[in-house]
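In what follows, a structure is listed as C-alpha cells, so that the remarks can point back to it.
Here the structure is a predicted model, which is why all the values come from computation and not from measurement.
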Amino acid sequence: MNLKLATFGLTAMALVTACSNDEIEKINLGNEITFNTSVSTRAAEMTTDKLSEFNIWADAEGYKQLFINGEKATKPANANYFSLGHAIFWPSEVASIQFWAVSPTDVKVETSDLKPQIPGFTPAADAENQVDLITAYTKAMRGDGTNVNINFHHALSQIVVRAKAGVDGDETKSVMIKGAWIVNVKPSGNLSFVPEGTTVDVTDDASTDASDVFIPEKHMLWKAIGDKTIYGREFTGTEPMKLSHTLQDLLSVEKNSSNLMLVPQQLDTWNLNDNTDKSTNAKHGAYILLLCRVEAVHEGAQHPGSNDPVKVDAENNKHYHQLFPYTGKFDDGEYGYTCVPINDEWKPGKKYVYNLQFCGATSGAGVYPPTGDLMTFNLPDGSGKYIKTIPTVKPAKGIGDPVLDNPINFTVTVEEWADAWKNGSEIGKEFPMK
C-alpha cells in the first residue's frame, strides 16, 4: 500500500524559515518520500479498511532535530493510500533516514535523543475496551529509493484462556464456570524503540530487576511497571458456562469482547514446590483464577445406605454430588475460586494460549488461590454464594493445595498473529511459531 503525500505548500515553507538556506534547499531538492506499509491483524480481525490513521516520526542522518515529528497520516475517503496533507522530500545530501510509526494516534508519545518512546502505556481494564497498539521501525537508505517499506508489528501480548472437561473413567463430572481472570500482572509499561537485534545493557539501572526488562523483540524494548493487578470478569449471564469435552474460550465471554491484550513482561513465579512460597505466594506470582463449580453425576436416585447431600433428578434417574466448593451440603448456587499458576515471559506480538483440562483421568480442578488476593482485588462474592474460604476437612487443605484429588493439567502454545495484508490485499493466514 503506497502512502502518497500531498503538495508541499507555503505553510510548510514558513515552518522552516528558522533553518539555514542550505537546509531549505536540501528539503526541496530531494525526491518525495512515499511509503509501502503492512500491518498484522488485531485480536478482533483487522482489514485494510480498519486502519484509518497513524503517526510517524523520522530522523534524517546529520539533522539536529526530527525530520518528521509525530505527524498524522490519514486515509482519504475512497482511497487506498495515506496522506500527511503536504509532501515531504528526501533531503538530497542525506544517505539514511530512520522512521518510526505508531497507531492508534491518541497514544501518548514522547521523544528523546531523536527517537520516540511511549511512557506508561496501560491497556484498558476491560477486554472490550482494549486497543491493539501497533508500531513500526525501519532504517531506509537513499540508494534503495525513496519508496520506504514500513512494517507494523503488534506491541502487546495477546492472552487466550480456554478450558474443557476431561473424561475420568466411568464417572461423569459436570464443570460450570462463572468467571475467569489473570491475576498478578503488571498493568503498564514503558516502550522504547531500538534497532532490531540490539542488545540493551540494563545492569546499571538500579530501578530495574531482571523481570522488568528483556532483550528487544523486533524493534521494541518494554519495561513493565505498576502495582500488580487483575484482568478478567465474572460472567453475568443467568446460566454459567458448562464445559464440554471441546475447548471453549473463557476471557472473551460476553460483551462481544476479544481476548486480552496486555503489556509484555516476565511473569513472577508462584512456586508450589516450595512449601514457604506455596502458602504465601510471597512474590505475588501470576495465576489463572476461575470461579467454578464441580459436580459428580451418578446413575440412580442415591447410593444405597448413603446420607451424603445430593440433588436428585428422578425423571432421568440421576443424582448429583457437590464436589467443589465443598461446604457439606448441596447448593447449586454455590461456586468457589480455584487457580492455575503460570510463569511465562510474554513477548510483544505473540499470542499465548492456555488450554486447561478439568477433571480428567489425571487432572483435577486446580488449587486453592491465595485468599488474601481474593480480598485485595475485591473478587465478587455472589451475595455469599461464592465461597472464598478453604474448607475444614481431613486431611487439612491450604493455599496451593488441590481443590480435588489432582491439580488442573494444561498446555501452553505460542502463536504468531496473522498478517492482515499480504501482497497488498490478501488476508494472511495464522501459522504456528516455529
Side-chain angles (χ1 to χ4, degrees), residues 39 42-43 53-57 59 66 68-72 98-137 152-159 181-196 198 200-232 257-268 283-286 344-350 352 376-378:
V39 65
R42 296 185 182 185
E53 59 185 18
F54 56 87
N55 290 339
I56 193 161
W57 291 258
D59 174 22
L66 285 169
I68 302 173
N69 191 3
E71 296 193 44
K72 183 183 293 185
Q98 297 184 85
F99 294 92
W100 299 268
V102 174
S103 177
T105 56
D106 60 356
V107 171
K108 178 183 178 182
V109 178
E110 298 177 351
T111 56
S112 176
D113 297 327
L114 300 183
K115 291 191 290 290
Q117 54 191 359
I118 301 176
F121 182 87
T122 304
D126 296 322
E128 64 272 13
N129 295 322
Q130 291 178 348
V131 297
D132 184 16
L133 176 65
I134 55 175
T135 65
Y137 165 80
F152 282 92
H153 296 275
H154 295 285
L156 300 174
S157 302
Q158 185 182 164
I159 311 302
W181 296 265
I182 301 286
V183 181
N184 286 332
V185 175
K186 290 188 177 181
S188 306
N190 297 329
L191 175 58
S192 301
F193 296 98
V194 294
E196 187 168 357
T198 301
V200 178
D201 184 3
V202 297
T203 56
D204 60 348
D205 185 351
S207 65
T208 299
D209 60 50
S211 67
D212 288 330
V213 177
F214 43 86
I215 301 302
E217 183 77 11
K218 305 296 183 185
H219 52 270
M220 296 171 281
L221 178 69
W222 278 100
K223 178 180 180 180
I225 58 175
D227 294 334
K228 291 178 181 178
T229 188
I230 186 169
Y231 290 91
S257 62
S258 62
N259 295 304
L260 293 173
M261 290 182 286
L262 303 179
V263 168
Q265 58 193 277
Q266 172 65 60
L267 300 175
D268 286 326
K283 293 184 178 180
H284 301 288
D344 301 284
E345 181 186 25
W346 292 345
K347 294 186 177 182
K350 306 298 182 185
Y352 296 84
T376 299
F377 295 117
N378 196 28

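In terms of heavy-atom proximity, S157 sits nearest to P348 at OG-N, 4.0 Å. The minimum heavy-atom distance between T135 and A155, with the atom names listed, is CG2-CB, 4.2 Å. Shown here for P187 and P123, the closest heavy-atom pair between the two residues is O-CD, 3.2 Å. Closest non-hydrogen pair, G120 versus N190, comes out as N-OD1, 2.7 Å.
When atom types are taken as modelled, the side chain of D268 and the backbone of H284 share no donor-acceptor pair closer than 3.5 angstrom. For the pair Y352 (side chain) and K347 (backbone), a donor-acceptor distance under 3.5 Å is present. Not one N or O on the side chain of D59 forms a donor-acceptor pair closer than 3.5 Å with the backbone of L66.
Atom NZ of K228 sits about 9.0 Å away from atom NZ of K283, to the nearest 0.5 Å. L267 contributes atom CG, which lies 10.5 Å from atom NZ of K186 (distance to the nearest 0.5 angstrom). Remark: E71 CD to W57 CH2 distance equals 10.5 Å, nearest 0.5 Å. Note that the NZ atom of K223 and the CD atom of Q265 stand 13.5 Å from one another [nearest 0.5 Å]. How far CD of Q117 is from OG1 of T111: 8.0 Å, rounded to the nearest 0.5 Å. A distance of 13.0 Å separates CH2 of W100 from CD1 of I118, quoted to the nearest 0.5 Å.
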* Walk me through it: do L191 and F121 pass the test side chain to side chain contact (heavy atoms under 4.5 Å, CB included)? => CA-CA 8 Å; L191 175 58; F121 182 87; over 6 Å; no
* Checking side chain to side chain contact (heavy atoms under 4.5 Å, CB included) for the pair L156/W222: CA distance, chi angles, key distance, verdict? -> CA-CA 10 Å; L156 300 174; W222 278 100; 4.0 Å; yes
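Taking the side chain to side chain donor-acceptor pair (under 3.5 Å) definition, one finds that T105 meets it with E53, sequence neighbours left out. With sequence neighbours left out, the salt bridge (Lys or Arg N to Asp or Glu O under 4.0 Å) criterion links E110 to K108. By the side-chain contact (heavy atoms from CB on, under 4.5 Å) test, A136 pairs with A101, I150, F152, sequence neighbours left out. Take N129 and apply the side-chain contact (heavy atoms from CB on, under 4.5 Å) test, not counting sequence neighbours, and it matches A124, D126. The side chain to side chain donor-acceptor pair (under 3.5 Å) search around T122 returns S188, not counting sequence neighbours.
Residues L133 and V102 are in side-chain contact: their nearest non-hydrogen atoms beyond the backbone lie under 4.5 Å apart. At a threshold of 4.5 Å between non-hydrogen side-chain atoms, the residues Q130 and Y231 count as touching. At least one side-chain heavy atom of I159 sits less than 4.5 Å from a side-chain heavy atom of I182. Taking 4.5 Å as the limit, some side-chain heavy atom of F377 sits within range of a side-chain heavy atom of N184.
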